[in-house]
Number of protein chains: 2
Amino acid sequence: MGKRPTTTLHFDARAKEMLDDLKRAGLKLTAQREAIVRQFASDVSHPTAQELYDRLRQEFPQMSFATVYNTLDALAAAGLSGTLRLGQAARFDPNTEPHHHAVCESCGEIGDVPAPSLAPSPAAVKQLGRAAPGFRVRAVERIYRGLCAACADNDNDAAPHGDIS
Amino acid sequence: MGKRPTTTLHFDARAKEMLDDLKRAGLKLTAQREAIVRQFASDVSHPTAQELYDRLRQEFPQMSFATVYNTLDALAAAGLSGTLRLGQAARFDPNTEPHHHAVCESCGEIGDVPAPSLAPSPAAVKQLGRAAPGFRVRAVERIYRGLCAACADNDNDAAPHGDIS
DNA sequence: CTTGCAATTTAGAATGATTCTACTTACGTT
DNA sequence: AACGTAAGTAGAATCATTCTAAATTGCAAG
């Protein structure tokens, strides 16, 4: 009943990195943090704290909600997690590569869209300069809103050649 | 003690438009809605529901919080208000022209950045196509993160020529 | 102009997200 | 092994939002 080869057999490398980085940042290595980081490190679904907690609770029934928040805060402070605000609940993102997000307006699915950089383009800086003179841009975040492939297909099925009434 | 010439003397034209649009959408014209719309229509500060409520309560102590939400929902449904998610609380935006937002990471100020359109650029579509094939983009929302002019100035004052230690 | 009803408002309860508190536990150093 | 302190725990507190049931009212019809 020790390590169980359930989901990620090979002990996710990214999780190890994160734990090392936390340690390097002067934080203590605890069983809870290890569990949270393992659960989070390769999660592509942009989970909420609640979602992570629910999954974790199955393995560690004694884990506190506050610990999940504290650990996610620590990860964010260490630059190991990003935060997404789309609804009331914050969503966490272990992807530290520069990227944007695509949100399906039908099913809510959130996808990562890799970007070479979040630095503002010259054109963007120009436009900003007109609207907010003196504003010093650090990064530009984008949200692509639309329909994911699956939902777009459903739409087509429902109305293959325009509206049928 | 009827109409008081306090803030907006001339009975904001945008407010009238909004009320007309609500009526046109089949909604009833109530005193509360008029009050809320007047308060909201030309508000450039991206207020939260709480902030609007607090201001409205001074004039209309009997107004319910739920009414503020209901009215903002109605405005949003009618396309007369946008919603911004930057923190836990939703922020409402009466500006219906296509625009992005610039957020100061120091003081939290939010500015509008007019844009010709929210339609995705060909380059963006291409990038998206690689990351999420089949995704049908409708609009691209941008958040410029950085320092507003005032906060950038303060930074300069604090460390005029690099760090002094 | 009155009547009636459905839409709206209201106060407060309920729900969900997040933070805080006071106390206990245990990591990592000596 | 002992200690100091960071971290964990349960649960209360707080903020944002939605819901509910009852009272009110805009406005369409007569």
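- For the segment residues 66-76 of chain B, residues with any heavy atom less than 4.0 angstrom from an atom of DNA chain C are, sorted by number, A66(B), T67(B).
- Judged by distance alone, with hydrogens and angles left aside, the side-chain atoms of R38(A) form no donor-acceptor pair with the main-chain N or O of A41(A) at under 3.5 Å.
- Judged by distance alone, with hydrogens and angles left aside, the side-chain atoms of H99(A) form no donor-acceptor pair with the main-chain N or O of P114(A) at under 3.5 Å.
- In this entry the distance linking CE of M63(B) with C1' of dT9(C) reads 10 Å, nearest Å.
- Atom CG in L52(B) sits roughly 12 Å away from atom P in dT17(D) (whole-Å rounding).
- The side chain of R85(A) contributes an N or O atom lying less than 4.0 Å from OP1 or OP2 of dT18(C).
- For residues 113-126 of chain B, no pair satisfies side-chain hydrogen bond (donor to acceptor under 3.5 Å, both in side chains), with sequence neighbours left out.
- For the pair Q32(A) and F92(B), nearest-nucleotide mapping onto DNA chain D gives the more 5' position to Q32(A).
- If you check the side chains of Y144(A) and R142(A), you find a donor sitting under 3.5 Å from an acceptor.
- Contacts of Q88(A) with the nucleic acid, taken as non-hydrogen atoms under 4.0 Å apart, include base atoms.
- Atom P of nucleotide dT19(C) and atom OH of Y53(A) are separated by 16 Å, given to the nearest angstrom.
- In terms of modelled atom types and a separation under 3.5 Å, the side chain of T71(B) and the main chain of T67(B) share a donor-acceptor contact.
- Taken over five-pair windows at either terminus, the axes of the helix from dC1(C)-dG30(D) to dT30(C)-dA1(D) are inclined to one another by 30° (rounded to 10 degrees).
- Nucleotide dA10(D) holds its C1' atom 19 Å from the CZ atom of F60(A), rounded to whole Å.
- What separates CD1 of I36(B) from P of dT8(C) is a distance of 12 Å, to the nearest Å.
- Taking 4.0 angstrom as the limit, R91(A) places none of its side-chain polar atoms (N or O) nearer than this to OP1 or OP2 of dA17(C).
- Remark: the Q50(B) side chain and the D54(B) side chain contain an N/O donor-acceptor pair separated by less than 3.5 Å.
- Remark: R33(B) engages no residue in a side chain to side chain donor-acceptor pair (under 3.5 Å) (not counting sequence neighbours).
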List the steps, then state whether side chain to side chain donor-acceptor pair (under 3.5 Å) holds for H46(A) with D112(A).
-> CA-CA 9 Å; H46(A) 307 89; D112(A) 282 359; 2.6 Å; yes
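- The CD-P distance, from Q62(A) to dT24(C), rounds to 18 Å in whole Å.
- For T96(A), the side-chain contact (heavy atoms from CB on, under 4.5 Å) criterion is met by R14(A), not counting sequence neighbours.
- Judged by distance alone, the side chain of E51(A) and the main-chain N or O of T48(A) form a donor-acceptor pair under 3.5 Å.
- Comparing P61(B) and R33(B) against DNA chain C, the residue whose closest nucleotide sits nearer the 5' end is R33(B).
- In this structure, CZ of R57(A) is placed 18 Å from P of dG8(D), rounded to the nearest angstrom.
- In this structure, L29(B) is a member of the same hydrophobic cluster as M18(B), with clusters built from ILVMFWY side-chain heavy atoms closer than 4.5 Å.
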What are the atom names and distances for every N/O pair under 3.5 Å that joins the protein to nucleotides 24-27 of chain D?
unit_1	atom_1	unit_2	atom_2	d
dG26(D)	N2	K28(B)	NZ	3.3
dG26(D)	N3	K28(B)	NZ	3.4
dC27(D)	OP1	L29(B)	N	3.0

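- We find that CD of Q50(A) is positioned 16 Å from C1' of dT17(D), with the value rounded to whole Å.
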